[in-house]
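Worksheet: the structure to be examined is printed underneath.
The residues of the chain are indexed from 1 along the displayed sequence. One-based numbering, in listed order, for ligands and for the atoms of each. Predicted, not measured: the structure shown is a model, and the values here were computed from it.
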Amino acid sequence: MSDGPTLARLQAAELRDNRDLDAVIVGAGFSGMYQLHLLRDRLGLKARVLERGNGVGGTWYWNRYPGARCDSESHSYSYYFSDALLQEWEWSERYPQQPEIVRYLNFAADKLDLKRDIQLDTTVTAARYDEAANRWRVETESGETFTAKYLITAVGCLSSANVPDIPGRDRFQGKWYHTGQWPHEGVDLGGKRVGQVGTGSTGIQAVPVIAAEAGHLTVFQRTANYSIPAQNGPLSSEFKAWAKKNADEIRRTMYASTNGHPFLMAERNVFDVSAEERRAIYEKAWQVGGLRFRAVFQDLLLDKAANDTAAEFLKSKIREIVTDPQKAEALSDIDHPFATKRPPIDTGYFEAFNRDNVSLVNLRKTPIIEITEKGIRTSEKEYELDIIVFATGFDAMTGSLLKLGIVGRDGVPLSTAWEAGPRTYLGLQVAGFPNMFTITGPGSPSVLCNMPVAIEQHVEWVTNCIERMEEKGVERIEPDEQAVSDWVDHVNDTANATLLPQAGHSWYLGANVPGKPRVFMPYAGGMARYRGICDGIAASGYEGFVMDGETAGSPIAAAVNISG
Ligand code: NAP
């Protein structure tokens, strides 16, 4: 018998016996893994990741729906902190598919020897701050309790599935699935009558793949959406070599850009050029494909008239592609400015509606009334289905945090502190929740940014902050109430200076979840600016934070230009 299984059992037993830690990190995606690496391997702290899934990967562990693929270009969807990882890993396509991303994160976890401190199959059910001990007590579904000075949430922004509460859902005799909880063994769609609810980024990726397999696909569309062709394809060996050789340059570009992508916003406005030139620019961007389209003019999210030109171009493309005039009309009848909801990118989405086995139901005209034993009934008719796919998104940004059962000082639950919407300082900390850090929390650029770039910045900032605390013997850090209020105002002002809040039904505002407070959650001031603000605050000695009851830092608002 080999030593392998015995050793693994011993390691697992040791892991479980050792529950008094410096830091508990919740979640083993991009952020939790990097946070573990820095706390354990740079600061020498005792840290453990608790992960609900049976493997690493975070959002990519769960989102296994047909067509799941990242919309960031693969050469930028990587850890950039490690040259060794960058040089060794090779992506196969312009946009990485879900299984490849999970393979990448396993590769990184193995390379950095992280798995021995990641406890899988462990769902956190409560995390309570014990003021007397200045420790977080973290409880899990299986009854374990961990204590730690620091609690770091790395639960992702889009992890809490939003399954709509449509009357009758439980009496449906077929099968239903949410895309974010897709069965790991896959779903046999062959020849089946499939109904898909939802046409966001997920639904738009799924439609062409489901259509190719299903007997018939009925798409139930509530809000028509823009989409830009991804123009995906295999990466050439020349490109792969170029990306490795130019990693420093790519990193510099991502850091300088508004959205953390490996391209910069063009320094021109829509009306700087003639209508003819504009059309040519949009056409070229359409051919290049992907999120780069959004960067061809700098005022698309600032000026409605400018945005209208892009919106009209994209709607005209839908009408060109979709041959059935009724479908084309429903698909191009878009009610919000371009990119005010996260712009999807696709591989054959509109083309799929030209297939004989794909039909479209416009829920604006004929809303869903109920789910029946046989399928979905709208105000017009009943659609008989074998499978319903809910591509209906997430209780974004706050949902996964609130599910952790976090209770701060004086027994105040996070759900109470955030009753009127999330309130953070920099998206990193919450007043009344000492030593808790929220990686890519609400109030930070997070989902408006290429996620690994936002994650690395947060993880590094948190690590530096903890390092400073440990060096100086600081026991507690939390933000000052006034700093939180000022930051929340700044987040709102920044969003209101753009067209983003004009998509009234967007998940950025929490509007997709019934009863959720409407607050624009991500920071819209741009990643580069945000990084500067965070660096300035750290350099000032942590202005806006309270350390061991003392106001920290020197006033630097002017230097970091928060109000400007
Ligand atoms: P989403 O953008 O929130 O879209 C949900 C869709 O479901 C919308 O079309 C929505 O309609 C519809 N819907 C929700 N509830 C409904 C109901 N009760 N009845 C009918 N329709 C309903 O969710 P998502 O597509 O999963 O995308 C969420 C985010 O995940 C994206 O914006 C993106 O940031 C991220 N994502 C990234 C990737 C990637 O990079 N590869 C891929 C997928 C997703 P309304 O618009 O009318 O609410």
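- Taking the six-membered ring for Trp and thresholds of 30 and 60 degrees, Phe239 and His75 have ring planes more than 60 degrees apart, a perpendicular arrangement.
- Close approach of ligand 1 to Pro164 is summarised as follows: ligand atoms under 4.0 Å from at least one heavy atom of the residue are 18 (N).
- When hydrogens are left out, the protein atom nearest atom 20 (C) of ligand 1 is Val197 CG1, 3.5 Å; that is the closest non-hydrogen contact.
- The nearest heavy-atom contact from the protein to atom 28 (C) of ligand 1 is Trp507 NE1, 3.6 Å.
- For atom 44 (C) of ligand 1, the nearest non-hydrogen atom from the set Leu158, Thr202, Thr179 belongs to Thr202.
- Polar contact with ligand 1: absent for Trp60 (N/O pair, distance under 3.5 Å).
- Not a single heavy atom of Ile368 sits less than 4.0 Å from an atom of ligand 1.
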query = Could you go step by step and tell me if His490 and Tyr425 meet the ring-ring contact (aromatic ring centres under 6.0 Å, His included) rule?
reply = CA-CA 10 Å; His490 176 59; Tyr425 185 37; over 10 Å; no
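- Distances shorter than 4.0 angstrom occur between a heavy atom of Lys341 and an atom of ligand 1.
- A salt bridge links Arg171 and Glu370; the closest N-O separation between the charged side-chain nitrogens and carboxylate oxygens is under 4.0 Å.
- Taking the six-membered ring where tryptophan is involved, the planes of Tyr282 and Phe293 are essentially parallel, since the angle between them stays under 30° and well short of 60°.
- Shown in contact with Thr223 at under 4.0 Å from a heavy atom are these atoms of ligand 1, numbered in order with element: 45 (P), 46 (O), 47 (O).
- Taking any N or O of Ser201, backbone or side chain, at least one lies under 3.5 Å from an N or O belonging to ligand 1.
- Not close to ligand 1: Val447, with no non-hydrogen atom less than 4.0 angstrom away.
- The closest protein non-hydrogen atom to atom 37 (C) of ligand 1 is Arg342 NH2, 3.5 Å.
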task = Give the C-alpha distance, both sets of side-chain angles, the deciding distance and a yes or no for ring-ring contact (aromatic ring centres under 6.0 Å, His included) between Phe313 and Phe338.
result = CA-CA 10 Å; Phe313 173 86; Phe338 166 63; 9.9 Å; no
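- Near Leu363, meaning under 4.0 Å from one of its heavy atoms, ligand 1 places the atoms 20 (C).
- Of the polar atoms of Ala391, at least one N or O is found under 3.5 Å from an N or O of ligand 1, judged by distance alone.
- Taking 4.0 Å as the cut-off between side-chain N and carboxylate O, Lys403 and Asp395 do not count as a salt-bridged pair.
- Some N or O of Arg222 is nearer than 3.5 Å to an N or O of ligand 1, by distance alone.
- When only non-hydrogen protein atoms are considered, atom 4 (O) of ligand 1 lies nearest to Gly200 CA, 3.6 Å.
- Polar contact check, Ser72 against ligand 1: no nitrogen or oxygen pair lies under 3.5 Å apart.
- Looking only at atom types and distance, the side chain of Asn232 has no donor-acceptor partner in the side chain of Thr347 under 3.5 Å away.
- Annotation: atom 40 (O) of ligand 1 to nearest protein heavy atom, Asp71 N, 2.9 Å.
- Within ligand 1, the atoms closer than 4.0 Å to a non-hydrogen atom of Cys70 are 39 (C), 40 (O), 41 (N), numbered from 1 in the order shown.
- Between Met397 and Pro422, every side-chain heavy-atom pair lies at or beyond the 4.5 Å cut-off.
- Taking the charged nitrogens against the carboxylate oxygens, Glu382 and Lys374 have no contact shorter than 4.0 Å, which rules out a salt bridge.
- If you number the atoms of ligand 1 from 1 as listed, the ones under 4.0 Å from a heavy atom of Arg69 come out as 39 (C), 41 (N).
- When non-hydrogen atoms are compared, ligand 1 lies under 4.0 Å from the side chain of Phe394 (C-beta onward) but not from its backbone.
- In summary, the atoms of ligand 1 found under 4.0 Å from a heavy atom of Gly198, numbered by their order in the structure, are 6 (C), 7 (O), 9 (O), 12 (C).
- Ion pairing of Arg531 with Glu456 is absent here, as no side-chain N (NZ or NE/NH1/NH2) approaches a carboxylate O to less than 4.0 Å.
- Protein heavy atom at the shortest distance from atom 23 (O) of ligand 1 is Gly393 CA, 3.1 Å.
- A heavy-atom distance below 4.5 Å is found between the side chains of Trp487 and Ile533.
- Remark: Glu73 engages Arg292 in a salt bridge, criterion side-chain N to carboxylate O under 4.0 Å.
- Between Arg364 and Asp335 there is a salt bridge, since a side-chain N of the basic residue sits under 4.0 Å from a carboxylate O of the acidic one.
- Both the sub-6.0 Å distance and the 45° axial angle are satisfied by Arg64 relative to the ring of Tyr61.
- Within the structure, the closest approach of Tyr65 to ligand 1 falls below 4.0 Å when heavy atoms are considered.
- The protein heavy atom nearest to atom 9 (O) of ligand 1 is Thr199 N, 2.9 Å.
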